[in-house]
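Contents: one structure, followed by commentary.
Reminder, nothing fancy here: chain letters follow the sequence lines and each chain counts from 1.
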2 protein chains.
Amino acid sequence: MHSYTEENYLKALFNLANEKGEVSANELSKKLEIKMPTVNSMMKKLADKKLVHYESYKPLRLTEKGKKEAGLVIRKHRLTEMYLVQKMDFGWEQVHEIAEQMEHLHAPDFFEKMAEMLGYPTIDPHGSPIPDKSGKIDWRHYEKLSDCKAGDTVKLSAVINGTDEFLKFLNTRELQLGVKIKIKIVEPFDGSMLVSYNKKTGETLSHTVAERLLVELVK
Amino acid sequence: MHSYTEENYLKALFNLANEKGEVSANELSKKLEIKMPTVNSMMKKLADKKLVHYESYKPLRLTEKGKKEAGLVIRKHRLTEMYLVQKMDFGWEQVHEIAEQMEHLHAPDFFEKMAEMLGYPTIDPHGSPIPDKSGKIDWRHYEKLSDCKAGDTVKLSAVINGTDEFLKFLNTRELQLGVKIKIKIVEPFDGSMLVSYNKKTGETLSHTVAERLLVELVK
DNA sequence: ATATTTTGTTAGATGAATCTAACTTTATAG
DNA sequence: CTATAAAGTTAGATTCATCTAACAAAATAT
Ligand SMILES: [Mn+2]
Ligand SMILES: [Mn+2]
Ligand SMILES: [Mn+2]
Ligand SMILES: [Mn+2]
């Protein structure tokens, strides 16, 4: 099996590769807060294990095997988060750090039991898709709230860059997944939005917030 | 904080010290399946951290600090086992390996939530006491079934040397914690016992089994 | 009491994961 | 196009946890 360390590299590669197509050693180094030479030698090691395609001075790419292994780690992470929220009553802002550790447990029966108890969920508490048992992700096509226009009615489906601080901020605004948001005005100057949802009739969301909220158009 | 590795040494020292008073480097080496020189240098390291009293050629003893830290790891282990059995429907023979990993999580809120959901249990699924939040253990006084005599009625309160195989064996005999056992005959030759419990009127338990069952006298 | 066995210690090596310093290649800006 | 900056690589050191081989002390057996 892969070490705790290797698993964290695979996961970081996977997540970065989904925002962009390929990953530079530099990005990976910054994401993991590990210096470049260390990343470099780990990439060679993962290449030996056929988890990463490595060529000098070229961007990094996970192999199919690498994607699968990464997907399985992410599955454990997201199942854990869902379990903590659904079955142990944690807030969505409290679960990431715990899942960051639990994702490295080698305990298939435990994760299978969690999945079963949760009814085989397909998204985690932040709206991110949970990879299936083969590590495959079923990608959704959401758009950023900040890309929507006045008059649109949307459903909040996921949050990105979901730091605990940001999630706590959303709590104070009663912005949970599933909330229907009507966009009343989009300010051209700063991209801030005047919206209504739940019983609130005039809440303002900054562009910074709106671009971290992923939504689906409704009606 | 302490590393995964250090925690395992502390836990092993603690458990060995409870069977005997002190622990030899040799026993510890065998228990952990780690060679003596490795154990030796780890003991010096733990001594530097004031977790172990170390003197050349003398038996090993945990300091008060060491006992506390070990107790806290064991607390996490046993709370986890109890949670897995009570809340996730695992069998008592399925939980040790998972707990062996989860005991190393640094997630106080998670373990506190488990304790709360379980109603602050004082024993784990195998009848072993769960240390409190300060790492202290409330020792019970049980005796081995093998030390009881014909005519005694006892309650099964804990199992020792509870390997998964042994626990599965107990499952086949319907021997769960709390079962009331009447001792009908003790064979002088091999120490085997003829007992009755539940609706069974004449089950035989070998000495090997009886000395792994801890009981309390009833009536 | 001495010899043998067991236990404990020291010394030195290894592999994993990390770092810093120095160098090379590629990208970017005048 | 060169010059500079950024990104990537190589070399060598460090820390942790492990090992084997050799040696020393303590326990045990004759
Ligand atoms: Mn997360
Ligand atoms: Mn992690
Ligand atoms: Mn256990
Ligand atoms: Mn452990």
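For residues 108-128 of chain A, the set of pairs meeting the salt bridge (charged side-chain N to carboxylate O under 4.0 Å, His left out) definition, not counting sequence neighbours, comprises A:R78-A:D124, A:E112-A:K133. Contacts classified as salt bridge (charged side-chain N to carboxylate O under 4.0 Å, His left out) and involving residues 92-102 of chain B (residues at least two apart or in different chains) are given here: B:K11-B:E100.
A search for salt bridge (Lys or Arg N to Asp or Glu O under 4.0 Å) contacts involving B:K58 returns B:E55, not counting sequence neighbours. With sequence neighbours excluded, the residues that form a side chain to side chain donor-acceptor pair (under 3.5 Å) with B:E69 are B:H2.
In this structure, NZ of B:K30 is placed 9 Å from P of C:dT6, rounded to the nearest angstrom. Taking atom CD on B:E55 and atom C1' on C:dT7, their separation rounds to 17 Å, with Å as the unit. In this structure, A:E6 places its CD atom 16 Å from P of C:dG15, rounding to the nearest Å. Counting to the nearest Å, the C1' atom of C:dG8 and the CD atom of B:E22 are 15 Å from each other. Look at CE on A:M43: it is 15 Å from P on C:dA16, rounded to the nearest Å.
One finds no side-chain N or O of B:N26 lying less than 4.0 angstrom from the OP1 or OP2 phosphate oxygen of C:dT6. For the pair A:K58 and D:dG8, the criterion of a side-chain N or O lying under 4.0 Å from OP1 or OP2 is not met.
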Between the protein and nucleotides 18-21 of chain C, which nitrogen or oxygen pairs come in under 3.5 angstrom?
residue: C:dT18; atom: OP2; partner: A:Y9; partner atom: OH; Å: 3.1
residue: C:dC19; atom: OP2; partner: A:K35; partner atom: N; Å: 3.0
residue: C:dC19; atom: OP2; partner: A:T38; partner atom: OG1; Å: 2.9

Below 3.5 Å between N/O atoms, which protein atoms pair up with nucleotides 25-27 of chain C? Just atom names and distances, please.
residue: C:dT25; atom: O4'; partner: A:Y57; partner atom: OH; Å: 3.4

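For the pair B:K144 and B:D147, the salt-bridge criterion is not met [side-chain N within less than 4.0 Å of a carboxylate O]. Under a 4.0 Å N-O distance rule, the pair A:E165/A:K168 qualifies as a salt bridge. Looking at A:E216 and A:R140, no side-chain N of the basic residue comes within less than 4.0 Å of a carboxylate O on the acidic one, giving no salt bridge.
Note: A:F110 CZ to A:L79 CG = 10.0 Å, rounded to the nearest 0.5 Å.
Within 4.0 Å of A:Y4, counting heavy atoms only, lies no atom of the nucleic acid at all.
Proximity of B:T80 to B:F111: side-chain heavy atoms (C-beta onward) are separated by under 4.5 Å at one or more points.
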